[in-house]
Protein chains: 2
Amino acid sequence: MEEKKSTILVVDDEERIRKLLTMYLEREKYLIDEAADGETALQMALNKDYDLIILDLMLPGMDGIEVCEKLRESKATPVIMLTAKGEEANRVQGFEVGTDDYIVKPFSPREVVLRVKALLRRASKTKFLETEPTTKNVIVFPHLTIDHDAHRVKVDNHEVDLTPKEYDLLYYLAQNPDKVFSREDLLKDVWNYEFFGDLRTVDTHVKRLREKLNRVSENAAKMIVTVWGVGYKIEAENQA
Amino acid sequence: MEEKKSTILVVDDEERIRKLLTMYLEREKYLIDEAADGETALQMALNKDYDLIILDLMLPGMDGIEVCEKLRESKATPVIMLTAKGEEANRVQGFEVGTDDYIVKPFSPREVVLRVKALLRRASKTKFLETEPTTKNVIVFPHLTIDHDAHRVKVDNHEVDLTPKEYDLLYYLAQNPDKVFSREDLLKDVWNYEFFGDLRTVDTHVKRLREKLNRVSENAAKMIVTVWGVGYKIEAENQA
DNA sequence: TCTTATTTTAAACAATTTTTCAAAAAAAAA
DNA sequence: TTTTTTTTTGAAAAATTGTTTAAAATAAGA
């Protein structure tokens with residue numbers, strides 16, 4: 001079940017962004033190289049076969065678009081472009097420069113990891129040309145079902161309306177059942193990297209989440225467990 | 001339920017167009033080869049039995065028409081010709097050169113996929129020369145029916161006039177019921193590859209689509225669901 | 001070709017929903 | 001009991017979507 005680790009090149013002039021991405025991607029067992037400017041990045045990308053490159057659009061000297069175009073003259077390495085909100089996201093989106101996907105800053109780390117996985121999956125599919133049985137994206141617990149494609153949550157087969165953050169939070173916890181996350185962890189992973197808000201914000205969302213689940217089933221609400229002095233987790237078992 | 005995968009040769013001198021087509025076709029589980037010029041393309045097409053060839057009209061050296069004519073001396077492989085707007089679409093259209101279909105640039109990726117499917121269906125039918133119960137291309141929901149062959153939408157058996165984009169959008173969502181698409185997804189897949197517009201353009205089309213459906217049936221309009229903070233989807237169930 | 005009608009896009013504003021933060025109340029631990 | 005932590009509550013601030021309107025692009029017709 002273990003695959004060979006993919007190597008990823010992360011390019012951004014801001015060190016904190018590089019470190020942030022590196023941290024999250026290494027957590028997923030990818031091997032990461034970093035570059036802070038376009039020239040270096042291009043050289044590295046040409047000299048080594050990366051499985052993926054994450055490339056900031058705005059770079060000192062040679063910008064992301066130019067790097068991508070130059071790279072494309074000799075390599076087809078998948079590229080995810082990072083663009084600030086107003087920037088030329090459109091142009092990047094338009095495939096004009098051979099970008100495979102793009103992410104708008106500020107992003108949530110979780111989102112980046114998901115996109116990276118998706119793109120690597122797509123790329124490897126291309127390579128091996130295998131029929132992948134379209135994986136349904138559903139998490140199932142005794143009283144709770146999360147259909148990620150439909151973005152739908154059901155408690156005892158009864159649909160529950162969640163706000164985006166409530167959904168993200170539940171989905172994140174549900175992906176790692178029985179693992180406790182501190183409020184810091186949750187703010188880091190579920191919120192985007194620019195959010196430096198109050199830790200208590202997490203509590204508020206947990207409260208509303210529990211309330212909504214509880215309206216349908218007390219058992220479902222009890223799945224979200226407070227670990228005193230530590231944080232929150234979802235318990236898969238602990239169900240009637 | 002799994003069929004053998006069709007192999008397709010994509011020929012265009014612009015890499016971004018090749019990559020774009022490859023990406024969308026691979027998503028549909030086709031096996032893709034690429035060629036950047038006419039000579040290479042012809043050689044590849046003669047040495048391997050492709051199920052379909054997508055051929056750009058304008059190519060350096062030997063152009064698309066010549067490739068097609070030369071190919072036709074020994075093979076009947078179906079060919080879709082890509083032509084820029086002003087180009088000799090007429091000549092190609094007239095099937096003078098043995099082309100089976102043609103698409104005018106810029107195209108929307110979705111359109112290409114549909115044409116490819118249609119042509120492959122036609123071609124395979126020809127092969128077996130059997131009375132195949134012409135697969136109707138109809139999507140049916142409780143209050144909504146989309147007949148793609150006729151390009152006709154009916155709500156509670158009452159025909160609804162949609163503009164092209166409205167239709168495309170509805171059809172795209174209807175093909176993947178219960179799956180949420182972000183505005184970015186929709187712009188990428190439903191609009192053509194040259195469009196780099198505002199995300200909110202999607203909202204406007206959704207609004208008008210809902211309005212037109214709502215004139216006939218509120219239930220039909222309610223099928224198009226806003227997923228707050230994420231995008232839009234069509235709900236198959238959620239119907240009275 | 002020129003004119004007219006239709007469709008598409010985009011911007012601005014309104015309406016709605018969500019998120020955040022702060023502070024009091026409650027609960028758990030020491 | 002005292003202290004610490006969590007839960008609850010409410011309301012302002014922020015973000016997102018809905019709606020309207022006008023300009024731009026496109027297609028159709030004269």
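Just so it is clear, the structure is predicted and the values come from calculations on it, not from any experiment. Reminder, nothing fancy here: chain letters follow the sequence lines and each chain counts from 1.
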I want to confirm an ordering. Mapping A:His205 and B:Leu162 to their closest nucleotides on DNA chain C, which one lands closer to the 5' end? B:Leu162
Let's go through A:His151 and B:Trp228 carefully: what are the C-alpha distance in whole Å and the side-chain angles of both, what is the deciding distance for ring pair (Phe, Tyr, Trp, His ring centres under 6.0 Å) to 0.1 Å, and is it a yes or a no? CA-CA 10 Å; A:His151 223 263; B:Trp228 228 89; over 10 Å; no
Do B:Ile17 and B:Leu21 have side chains that approach each other closer than 4.5 Å (heavy atoms only, starting at C-beta)? yes
Sorted by chain and number, sequence neighbours left out, side-chain hydrogen bond (donor to acceptor under 3.5 Å, both in side chains) with B:Tyr167 holds for B:His148
Which residues share a side-chain hydrogen bond (donor to acceptor under 3.5 Å, both in side chains) with A:Lys165, sequence neighbours left out: none
Hits for salt bridge (Lys or Arg N to Asp or Glu O under 4.0 Å) against B:Glu66, two or more places apart or cross-chain, chain-then-number order -> B:Lys70
Should A:Asp168 and A:Arg110 count as an ion pair when the cut-off is N to O under 4.0 Å? yes
With a strict under 4.0 Å distance from non-hydrogen atoms of chain B, what nucleotide opens and what nucleotide closes the contacted stretch of DNA chain C, reading 5' to 3'? C:dT7 to C:dT18
Partners meeting side-chain hydrogen bond (donor to acceptor under 3.5 Å, both in side chains) with A:Thr22 (sequence neighbours left out): A:Glu34
Five-pair end axes of the helix from C:dT1-D:dA30 to C:dA30-D:dT1 and the angle they enclose, rounded to 10°: 40°
Can you give me every donor-acceptor pair (side chain of residues 170-183 of chain A, partner residue at least two apart or in another chain, under 3.5 Å) with its distance?
residue	atom	partner	partner atom	Å
A:Tyr171	OH	A:Gln175	NE2	3.4
A:Tyr172	OH	A:Asp189	OD2	2.2
A:Ser182	OG	A:Glu184	N	3.4
A:Ser182	OG	A:Asp185	N	3.0
A:Ser182	OG	A:Asp185	OD2	3.2
A:Arg183	NE	A:Asp203	OD1	2.7
A:Arg183	NH2	A:Asp203	OD2	3.4
A:Arg183	NH2	A:Tyr232	OH	3.2

Is the count of non-hydrogen atoms from other residues, nucleotides or ligands lying under 6.0 Å from B:Glu211 atom CD greater than 12? yes
Tell me every residue that passes salt bridge (Lys or Arg N to Asp or Glu O under 4.0 Å) with B:Arg115, counting only those two or more places apart in sequence or in another chain. B:Asp101, B:Glu111
A:Glu14: what forms a salt bridge (Lys or Arg N to Asp or Glu O under 4.0 Å) with it, not counting sequence neighbours? A:Arg16
Return the polar atom pairs (N/O with N/O) between nucleotides 14-21 of chain D and the protein under 3.5 Å, or none.
residue	atom	partner	partner atom	Å
D:dT17	OP1	B:Arg183	NH1	3.4
D:dT17	OP1	B:Gly229	N	3.0
D:dT17	OP2	B:Arg183	NH1	3.2
D:dT17	OP2	B:Arg183	NH2	3.4
D:dT17	O5'	B:Arg183	NH2	3.4
D:dG18	OP1	B:Arg210	NH1	3.0
D:dG18	OP1	B:Thr226	OG1	2.8
D:dG18	OP2	B:Tyr232	OH	2.7
D:dG18	N7	B:Arg200	NH2	2.5
D:dG18	O6	B:Arg200	NH1	3.4
D:dG18	O6	B:Arg200	NH2	2.9
D:dT20	OP2	B:Lys207	NZ	3.4

Using atom types as modelled, flag every donor-acceptor pair under 3.5 Å from a side chain in residues 152-164 of chain B to any protein atom, sequence neighbours excluded.
residue	atom	partner	partner atom	Å
B:Asp156	OD1	B:His143	ND1	2.8
B:Thr163	OG1	B:Glu166	N	3.4
B:Thr163	OG1	B:Glu166	OE1	3.4

Could you check which residues of residues 163-180 of chain A get a heavy atom under 4.0 Å from DNA chain C? Sort them by number, please. A:Thr163, A:Pro164, A:Lys165
